[in-house]
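Reading through the structure tokens given below for one structure.
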Amino acid sequence: MRSLSQHVLMSVLFCLVSMSVLTVPAFAQRTRKPITWVNSDIPNFPGLEHKVLKSETLGHEVGYVVWTPPGFSVDADTRYPVVYFLHGAGGNERSDAAGFASLIAKGIRDKTMPPAICVCPNGGMSGYRGEVESMIVDELIPLIDSTYPTRADAESRVIAGFSMGGAGSVRLSLLHPDLFCAAGCWGGALAFRGEPEKSPLLPAVKENADTLRKNGYAALLINGDGDRPDAFALLAETFRSHDIPHQVVIVENTKHNLGDYHKKTADQMISFLGKQLLRNR
């Protein structure tokens, strides 16, 4: 039999453990890693280069990766469309650069994608909002258009991403309708936290519908059946009511894993982005 003092001690310990569980949310138990804004150790992949932008908006340097297609030359007369790819939470500019560039390269070989430049910026943990949004829109895109032979118009610029980056691609394309003619999203959501019906993207579709249609805009929203399959239901409904072309794809036996999305829907994503660029040439 336990002594009275043992019972008292166990009761106290139980109370302390219970209080810690009740007062400390699960996400707070994990220590968030500090963001490294410049990550130059990129994979060895033909055409891939690491660059650094001295961002006035962020107040520090930020890295980005550029991939140029085979036969690329700044001295040639050819002008290229641009594909922007946004990484997910916890990633950086190098995370998906080689993998996504390889998909673009395959699309070019298969002729489902025109020869294009691919740009992967570092978005930290921003959700591609606030200062990072301004950095991309006001600094990075103009820099790319001024230093590379791009076709600097919305009809020649598309954006895609995974998770936070997928949501970010949809967000940037709808809030800045004069910049992109397509958004491709893997594993994103209208709202990861909060209420989807309060998303600023819903009124943005209504306000920017004329510009989106003028630029031939379309969206491809891909989620797994185990990865918030209804994540864009309200946005799709809003697209329909304003005649904005879009497609919602739910992939079977798929959770929140970029490799699975690549394996099952990479050709579909690249074909979609390529079709938008080819159609608007």
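In this chain, residues are counted from 1 in sequence order.
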* Does a donor on one side chain sit under 3.5 Å from an acceptor on the other, for Ser55 and Glu139? -> yes

* **Cationic N near anionic O, under 4.0 Å, Arg151 to Asp145** => no

* Side-chain donor or acceptor of His50 paired with backbone N/O of Asn39 under 3.5 Å -> yes

* Linked, directly or transitively: Leu174 and Phe192 (ILVMFWY side chains, under 4.5 Å) -> no

* Got a sec, which pairs hit side-chain hydrogen bond (donor to acceptor under 3.5 Å, both in side chains) with one end in residues 195-214, sequence neighbours left out? -> Glu195-Lys198, Asp210-Arg213

* What heavy-atom pair brings Pro69 and Tyr80 nearest, and what distance separates the two atoms? -> CG-CE2, 3.7 Å

* **Set of salt bridge (Lys or Arg N to Asp or Glu O under 4.0 Å) partners for Asp41, sequence neighbours left out** => Arg94

* Asp225 vs Lys255, salt bridge (Lys or Arg N to Asp or Glu O under 4.0 Å): CA-CA, chis, key distance, verdict -> CA-CA 7 Å; Asp225 57 3; Lys255 295 184 179 181; over 6 Å; no

* Asked: Side-chain contact, heavy-atom cut-off 4.5 Å: Tyr217 with Pro245?
  -> no

* Any chance you could lay out the side-chain contact (heavy atoms from CB on, under 4.5 Å) test for Leu179 and Leu172, step after step, and finish with the verdict? => CA-CA 9 Å; Leu179 291 181; Leu172 293 182; over 6 Å; no

* **From CE (Met164) to CE (Met125), nearest 0.5 Å** => 6.5 Å

* Give the minimum heavy-atom separation between Val170 and Leu201, together with the two atoms involved. => CG1-CD1, 4.1 Å

* Look only at the side chain of Asn257 and the backbone of Gly259, and say whether a donor-acceptor pair between them is shorter than 3.5 Å. => yes

* To do: Would you check if Val132 and Leu58 make a side-chain contact, meaning some heavy-atom pair closer than 4.5 Å?
  => yes

* To do: Measure from the side-chain N and O atoms of Arg79 to the backbone N and O of Thr150, and report whether any donor-acceptor pair falls under 3.5 Å.
  => yes

* To do: Kindly indicate whether the side chain of Phe180, heavy atoms from C-beta on, has any atom under 4.5 Å from the side chain of Tyr84.
  => yes

* Asked: Can you tell me if Trp67 uses its side chain to pair, donor with acceptor, with the backbone of Pro46 under 3.5 Å?
  -> yes

* Structure fact -> When every non-hydrogen atom of Val83 is compared with those of Ala116, the smallest separation belongs to CG2-CB, 4.3 Å

* Asked: If we only count heavy atoms from C-beta on, is the Lys51 to Val65 side-chain gap below 4.5 Å?
  -> no

* To do: Under the ring pair (Phe, Tyr, Trp, His ring centres under 6.0 Å) rule, collect the residues that match up with Tyr148, sequence neighbours excluded.
  => none

* Separation between CE of Met135 and CD1 of Ile141, rounded to the nearest 0.5 Å -> 10.0 Å

* Check which hydrophobic residues are tied to Val38 through side-chain heavy-atom contacts below 4.5 Å, counting indirect links as well, and list them. => Val52

* To the nearest 0.5 angstrom, please state how far the OG1 atom of Thr112 sits from the CD atom of Gln268. => 12.0 Å

* To do: Please round to the nearest 0.5 Å and tell me the distance separating atom SG of Cys118 and atom CZ of Phe85.
  => 8.0 Å

* Asked: Between Ser156 and Asp153, do the side chains contain an N or O donor and an N or O acceptor separated by less than 3.5 Å?
  -> yes

* Structure fact -> Residue set satisfying ring pair (Phe, Tyr, Trp, His ring centres under 6.0 Å) with Tyr128, at least two apart, ordered chain then number -> His87

* Give a yes or no answer on whether the side chain of Gln276 reaches the backbone of Ala219 with a donor-acceptor pair at less than 3.5 Å. => no

* Does Asn223 use its side chain to pair, donor to acceptor, with the backbone of Asp227 at less than 3.5 Å? -> yes

* Asked: Is it true that the side chains of Tyr261 and Thr254 contain a donor and an acceptor less than 3.5 Å apart?
  -> no

* To do: For residues Pro115 and Thr78, determine if any side-chain heavy atom of one lies less than 4.5 Å from a side-chain heavy atom of the other.
  => no

* Can you run down the side-chain hydrogen bond (donor to acceptor under 3.5 Å, both in side chains) pairs that involve residues 230-253, sequence neighbours left out, and say none if there aren't any? => none

* Given side chains that start at C-beta, do those of Phe100 and Ile270 come closer than 4.5 Å, heavy atoms only? -> yes

* Asked: Once you round to the nearest 0.5 Å, how far does CZ of Arg157 lie from CD1 of Ile117?
  -> 11.0 Å

* To do: Kindly compute the distance separating CD1 (Ile144) from CD1 (Ile136), expressed to the nearest 0.5 Å.
  => 11.0 Å

* Might you work through the side-chain contact (heavy atoms from CB on, under 4.5 Å) test for His176 and Glu133, ending with a clear yes or no? => CA-CA 10 Å; His176 304 277; Glu133 176 179 354; 2.7 Å; yes

* Asked: Any side-chain heavy-atom pair from Leu273 and Ile159 closer than 4.5 angstrom?
  -> no

* Is the backbone N or O of Trp37 less than 3.5 Å from a side-chain atom of Asn122, with the two atoms forming a donor-acceptor pair by type? -> yes

* To do: Carefully, step by step, assess Asn92 and Thr36 under the rule side-chain contact (heavy atoms from CB on, under 4.5 Å).
  => CA-CA 8 Å; Asn92 55 53; Thr36 302; over 6 Å; no

* To do: Of all the heavy-atom pairs spanning Ala183 and Ser173, show the shortest one and how long it is.
  => CB-OG, 3.4 Å

* Inspect the contact between Glu155 and Arg279 and indicate whether a charged nitrogen and a carboxylate oxygen are less than 4.0 angstrom apart. => no

* To do: Run through Val248, Ile250, Val249 and flag the one making a side chain to side chain contact (heavy atoms under 4.5 Å, CB included) with Leu221.
  => Val248

* Asked: Judged by modelled atom types alone, do Thr265 and Trp186 share a side-chain donor-acceptor pair under 3.5 Å?
  -> yes

* **Closest non-hydrogen atom pair between Ala167 and Cys185, with its separation** => N-SG, 3.9 Å

* Asked: Between Ile108 and Pro114, is any pair of side-chain heavy atoms under 4.5 Å apart?
  -> no

* **Non-hydrogen atoms of Gly187 and His256 that approach each other most closely** => O-CE1, 3.2 Å

